[in-house]
Undergrad: 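Dropping the structure in here first, questions after.
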Amino acid sequence: MHASSIRGALAQVFQIPLRPTLRNAAGQISTGITTTTTSSFSTSASRAAKKGRGAKPDQRITLIRYFLYHPTTLTPRPLRFSRNRYLRHWTIHRAWNLYRAKVKQARQLELERQYNAMHAANEELRVGAGDGGKLFRKAQMKTGVWSIPERGGGVPIEYARGLVEWMGSTGGLGSSGTGLGAKAKIWDSEWTRS
Amino acid sequence: MAESHLSLRLARTWRSFVKPSICNRCLQTRRTLASQASAPQGQRDAELEEASSLGGAPDAGSGSPVRDFDPLKVPRSRKRQLVPSRYQFRSPKYYRGPLHPHQPPPPSDPASREFVPGPFSTPRLEQTYHNIIAPDFMTMCYQHTPPGFRAPQKGARLRPWIGDSPYFRNRPLRGPRGGDVLRLLRKPITFRNIPMIERVTVHSFVKGALSGGSGYIHVAGMALQAITNHRVMTHEARTNEANWGIIKGKTVSMTVDLKGEDMYHFLGKLINVVLPRIKDWNGVRATTGDNSGNLTFGLDPESVATFPEIETNYDAYPGKMIPGLHITIHTTATCDKDARLLLQQVGIPFYGKVVD
Amino acid sequence: MAPSRAPSALLLHSLRSLAIEKPSTALAIRAFTSASSTCQEVQAERPSFYRNPDPETVYQPRLERKLARAGRPPIGSRRRRMALSQSPRIPFEQLPYQCFQEARKVLVEDREEKLRKIETERARVARVREADPGAFRGGEPFKQKKLASMEAELERLKILADINDPSVKRRFEDGKGDMNKPIYRYLAERKWREYPRKVLVQRITQMNVVPDVVPNVDPIVDVKIAFGKKAVGSGDFVPSDVSEKPCQLTLQAFDRGEKMVTIAVVDPDVPNVETDSFDSRCHYLASNITISPTKPLVDLSKLSPGSQVLLPWLPPHAQKGSPYHRLSIVILQHKDNIPIDFEPAKQKVERDGFTLRSFMSRHLLTPISASLFRTRWDESTAAVMERAGLEGANVELKRKKVEPLPYKRRNPSSFR
Amino acid sequence: MAPRSRGAKRIADALGFSTPKNHVCLSCRQSLALTRPQRGYASAATAKATVEAPPITQLSPDGPEASPVPQPIFTIKAGVVLSRPPLITPDPHPFETAYYLYQRRLNERLVLPFTQYFYYKRGTPAFEQWRTKRQARGGAATRDIGKYNAYTDEAWNDEVLEGDETGAPSKIVEQLIADEGRAEEFTGTGDPKFAGLKRRTEADEKNDQRSLERSLSRTLYLLVKNKKVAGQSQDESDFWKFPSGTIIGHEGLKQAAQRILFSSLGENMNTFFVGNHPVGHYVARFASPRPGPPPQMTTETSKASDSALLKQEVAQQPDQHPSLVNGEKTFFMKARIMAGQPSLAASQDQDIEDFRWLSKDEIEKAVHPDYWVKVKNMLATQ
Amino acid sequence: MASALRPVLRPTHLASLPTSTSTTTYICQSCRHARLLRRPKRPYTFTQLVTLSDGSAFTIRTTSPVPVYRSTRDTRNSPLWNPTSKELLNVEDDEAGRLAGFRARFGTGFDTAKEARKEAEMESDNISNTPASPTAANAEAAKEPTFEDEQNMFEEDDMNLLDLISSFGQENTQQETQSPQPKKGGKK
């Protein structure tokens, strides 16, 4: 069904002009909502829908259709910058690309250092340990690295705690909460191996 | 072969790290060079831009005009409007090929119609990956090859046709033994190819659309848009399937491809808030995965309703129309076990039989 | 503010024609956008402003005309001058916007790092240059190759040092980039390759200049043709009276150093009635011309006949009824920029049946660019041919009527 | 044969180690010979290992290489690099915050308008509250861009001036919490403006280096100081080290590291050992050969010699007293701590005097310079 | 050379949900007709502070206008994500808060005696072995506001009786405010 016919039906359902500006559209909508709730809802579109499925069409669906479709007709125009503003934006854009490149390179170097240290250690273990590489062979075994904690390998789920940005001073349920949600816990020092 | 090249290069870089062999000839030149470089600071290079704004020349004292600079003061104080501008360049609405005189500006240009403002925040999951997950993944999957070690030659994967029949000569090669599915090769993990999460595809097949009209599609589209901060892309049925009631050309499913910042925010929200709320859920089946590093798991409509975005105005969505989802996480790993290990580090629990 | 943004080619010409000159006083008191007076000062010196209005901030039409007559045309558009006269003239790089200043800090730090790299690279090049070839395994050729690659790296670093600078970008877009500097050459080449070069390559390939006149050409020099004041796009029709006089070429090279070039104007569509095909004829040939990025203009009429012009300009003409003639202009670079010896070449070359390929092979020339314009019979061609003393103005070529084959009824029985 | 271990076995076969009588096959001998000349770094002759249990006397695997020079004897030790990963995100770079605010304001001018009626029904108190707050923000629906409205004719002025705080993460969180209004419930001992949220804890204030709640955005490494042993020189013992101990019996590096860690620093640490192989190593050669660690099971006297540089090669015959040792090689295993604290009281062999959790730049100040040079590459800067 | 060989991988975009017929398909070959440069349609997004159940918080970009999202059930208090933590072991899996509601109305009198006693002694021995480690963190945990401990101080059956009486009195209001909120979030 062609887009404009849907818009037409919707516009008719909500008694709003086809080219609404934002301000009066919001106003229209509010009146639209209130009117639909009070007056009987007997326009041709809904009668067709009703005949199709018998039940009164769910008003929320029409609202969702409106909120999905309406903003796309009010998409803001592309930006038009003045000469100075354009040069400032260009400078910021170039600096951001440069900054991302530097951060990426720093991370790469960090990983390379760790990799080279690990390579040197394993090489020393293979050659310099003096037990004919027995310790090296035992160290190179990858048993269980790719399995899952349930089967005794992989990565324990508590390891994947992830970074947050802030630590709280009371639990998530606030000071009034009981049980676990009450105490804020940054580091579980009282953990004991049961 | 690849491993040997890699190990040779690694050996060289490693050796240059551990014992940078600088012969004395370079040493003393480096010393003279340092002194030389500082000397001719005065003589500016004719080839470079003298009046460069980045010249770092100390700004001439932030005089009064700069400190109390207020961009709105002058436009508000104007009594009459400026003369209308005669500049008419508009970004063209259609792209008519590379030789058309009216060319569209590149998408990174703010005046372009396709300009999308850049990232708005550094997602916490991205920082978790770079600070914690990448080094540990590299450590876990490190396979030591001594310097100068050449891996034993592996046979070619595509087998030639061997036989006396004359037709075998230029015939295209056969598939590998046991089926002709050529799986991705798994290169040893080094600091250059640590797998990372590349993109996330959220897919939802809207069964109600087949019988119940476009209401189901719109509600599912609104729900997906609320969850993923992206508008959905709908797909029409390609063929007619009578027993499933699929009609050609009717919209049946919708997907959202998440990359970059939106992807990290979606995953962070999914892992931290939504997955723990699924009733008696013991993780993702460990047999998931398509042997190329992409893992998929599904969410039923009840758990989709526990997303914070849908929970806030849950009554605005007709109850039965909230869709179930398939979430596919594409990683740059080339086999399932690496992808699963990466997702365990990110925080997704797995259970059941393990398939590599 | 007059909103203008990265201008397309058209606008660039309009900007260039405005001939904006930078206050070139030694002490660069203010960068391009700022003149000294703020609003209050303008009022204070109101009486003097009427007498000598500042071309940057005058916006009354009467004063503008006064300035234009005085030979100092106002700069930029009236809207921009009106806005500038009221705004506090803060230099562009000191505008106190937070994100802009943070970005500048990142760029300033990066530029210093690039300057340090340039210093070390230049010292290394100096060291290699003075080292004797014996020290290298490959001897002299290896040393030259190493020097060439290090020079290219040095050039790249110089470009990287200035690529992120907004004032460089502004100066280039205003058309005031000094082509001696690698950054402006790089920006000019990038702009040329984005669009104008594609058009030039399309015209050459579409009108088959490449196979007919030149075996292959990968343009690295921008060619613009102009007859007197009128600029001619590549592949346009030029009326014969306009093309009677030699044209002016702008050969814009983008890499460092000078080039010794030869310019050939060849017309491959001279109709040859006997063989019912076309011959080629050379309309103009000149060599030992040096072009450089800063001196691109070559006026074919002003080249010295004694040492450069091998064949003087023959006005292009097409006989009535013949298809249009393609006057292809080919720019050929001499090998290692060595000039060719003029006299023997002048004897040997002749105008009719001129083949550019043999000329190229004889003098070791490589084509670096090509362009063309087209000429056809129009009302002034007869006068031009008569003035140039060329016959055939009264002849009109007509297509020979091709008789259709006689109709012979086919033998129906054989069909069954 | 699980594919994974087959990979390791293939490596081992190729290196010719696993063949029963240690015979090195031809192809591997070339590849090993190839490695021989370039490897100036590792000591030319492989050392004889004085592993505690039956000391392996026969020569190292490169049989044919039996070099005449007597090889120095090293004790092989397993060290543990126990680290707590960062808990909060690092502090953002000023350019990053400014850039994000700039892009959010550009987004305000380009994004589809906010459909407020989908979330707030008209006429309900929630909608009234939302509308008043929105007008207080100058009409922008989102709270992270300060007072800015993209639909007025002054929308062009979306860049903030220098010294403006609207983009800072703390300011945004403050704005969000003020908008929510339930701050006092969650403040507890913290700052009511942030509803108790904080990035610096009391451990940061007191710089308590034994607590794991300090510098939450950095990786903290566990370092220990051993008690003073009579034979040690003065300055050697007051430097901090990673916990380490000699390998006992046929245990692998990982089991040894776990045993050392839990025996010396108590059981109550939920740790995860990343990989079975070492991530770094430290070779310490003693100035003069010292009696090797007595072969009883649990002793763990770690003697880090003051690592006289590799100047004097031990010339005289080392073999009169078999347990004389020329140095020690410590191989560090990487481990992550997820919960719990080391407790000195619970450790069996009470020879550790103190432990500290230090980040990378604090380690540099607390560790012996040579130790630092060998160890710094495997540590994470953030 | 001249034809527009620029490979354009533009997936079909949804101008608006009621699928408009003019969908642009994937174009990889040279394209003669003009291609519409479609404006990107992106929903409005906010910055939202998500507070987890142990108090830690982080900001995300989301389409919901709620300023702060306080989650009561997430990885920090889910047994699947913290298998070894002590507190989570004895917290019953009271999903929809129905048990809490029942207790608010009728007190803990109806809990089976065995389960209540196990809970109490778990609390006591938990306290006993922590003072052994002198670290500051533990000491600070001990003097923390110990609201659970007060309940343990009473005798076991006195506690039920007292609980029945006291909880019935003033806690109702607080339960009301707390209980409807999770219920709304629960499934319809």
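By convention in this document, chain letters (A, B, ...) are assigned in the order of the sequence lines, proteins followed by strands, and residues within each chain are numbered from 1. These numbers were taken from a predicted model, which means no experiment stands behind them.
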Undergrad: Salt bridge (charged side-chain N to carboxylate O under 4.0 Å, His left out) with B:Arg285: which residues, sequence neighbours excluded?
TA: none

Undergrad: Check each atom of A:Ile148 against the heavy atoms of chain B and say whether the ones under 4.5 Å are side chain, backbone, both or neither.
TA: both

Undergrad: Could you tell me which portion of B:Tyr142 (side chain, backbone, both or neither) has an atom closer than 4.5 angstrom to a non-hydrogen atom of chain A?
TA: both

Undergrad: Going by distance alone, is a donor N or O of one side chain under 3.5 Å from an acceptor N or O of the other, for B:Asn193 and B:Arg186?
TA: no

Undergrad: Sort B:Tyr317 into side chain, backbone, both or neither according to what part of it lies under 4.5 angstrom from a heavy atom of chain A.
TA: both

Undergrad: For B:Pro119, is it the side chain, the backbone, both, or neither that has a heavy atom closer than 4.5 Å to a heavy atom of chain A?
TA: side chain

Undergrad: Relative to chain B, which segment of A:Glu150 carries a heavy atom at a distance below 4.5 Å: side chain, backbone, both, or neither?
TA: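 Contact with chain B involves the side chain of A:Glu150 alone.
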
Undergrad: Determine whether B:Phe137 and B:Asp338 satisfy the following criterion, side-chain contact (heavy atoms from CB on, under 4.5 Å), listing intermediate values before the conclusion.
TA: CA-CA 9 Å; B:Phe137 192 98; B:Asp338 287 345; 3.9 Å; yes

Undergrad: Counting only heavy atoms closer than 4.5 Å, note whether B:Leu343 contacts chain A via side chain, backbone, both or neither.
TA: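 No part of it gets close to chain A.
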
Undergrad: How about B:Lys93: does its NZ atom have over 12 heavy atoms from other parts shown lying under 6.0 Å from it?
TA: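 Atom NZ in B:Lys93 is not packed in, count stays at 12 or less.
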
Undergrad: In terms of relative ring orientation, are B:Phe89 and B:Tyr87 parallel, tilted or perpendicular, with 30° and 60° separating the classes?
TA: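 The rings of B:Phe89 and B:Tyr87 sit tilted, inter-plane angle from 30° to 60°.
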
Undergrad: Report the distance from atom CD of B:Glu236 to atom OG1 of B:Thr251, rounding to the nearest 0.5 Å.
TA: 4.0 Å

Undergrad: Go through the structure and list residues passing salt bridge (charged side-chain N to carboxylate O under 4.0 Å, His left out) with B:Asp136, not counting sequence neighbours.
TA: D:Lys334, D:Arg336

Undergrad: Out of B:Gly283, B:Cys141, B:Gly118, B:Ser91, return the one with the most heavy atom pairs under 4.5 angstrom to chain A.
TA: B:Cys141

Undergrad: Chain A heavy atoms under 4.5 Å from B:Leu125: which part of the residue, side chain, backbone, both or neither?
TA: neither

Undergrad: Chain A heavy atoms under 4.5 Å from B:Ser112: which part of the residue, side chain, backbone, both or neither?
TA: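 Just the backbone, heavy atoms under 4.5 Å.
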
Undergrad: Is the NZ or CZ atom of A:Arg85 positioned over A:Phe81's six-membered ring, under 6.0 angstrom from the centre and within 45° of the axis?
TA: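 Yes, cation above the ring, under 6.0 Å and within 45°.
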
Undergrad: For B:Asn131, is it the side chain, the backbone, both, or neither that has a heavy atom closer than 4.5 Å to a heavy atom of chain A?
TA: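 Interface part for B:Asn131: side chain.
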
Undergrad: Is it the backbone or the side chain of A:Trp90 that comes under 4.5 Å from a heavy atom of chain B, or both, or neither?
TA: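 Neither the backbone nor the side chain of A:Trp90 comes within 4.5 Å of chain B.
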
Undergrad: Hey, is CZ on A:Arg151 packed in by over 12 heavy atoms from elsewhere, all under 6.0 Å?
TA: yes

Undergrad: Where on A:Leu79 is there a heavy atom nearer than 4.5 Å to chain B: the side chain, the backbone, both, or neither?
TA: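 Its backbone and side chain both get close to chain B.
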
Undergrad: Sort B:Ala286 into side chain, backbone, both or neither according to what part of it lies under 4.5 angstrom from a heavy atom of chain A.
TA: side chain

Undergrad: By a 4.5 Å heavy-atom criterion (distance strictly below it), what part of B:Val354 contacts chain A: side chain, backbone, both, or neither?
TA: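 Looking at B:Val354, backbone and side chain both touch chain A.
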
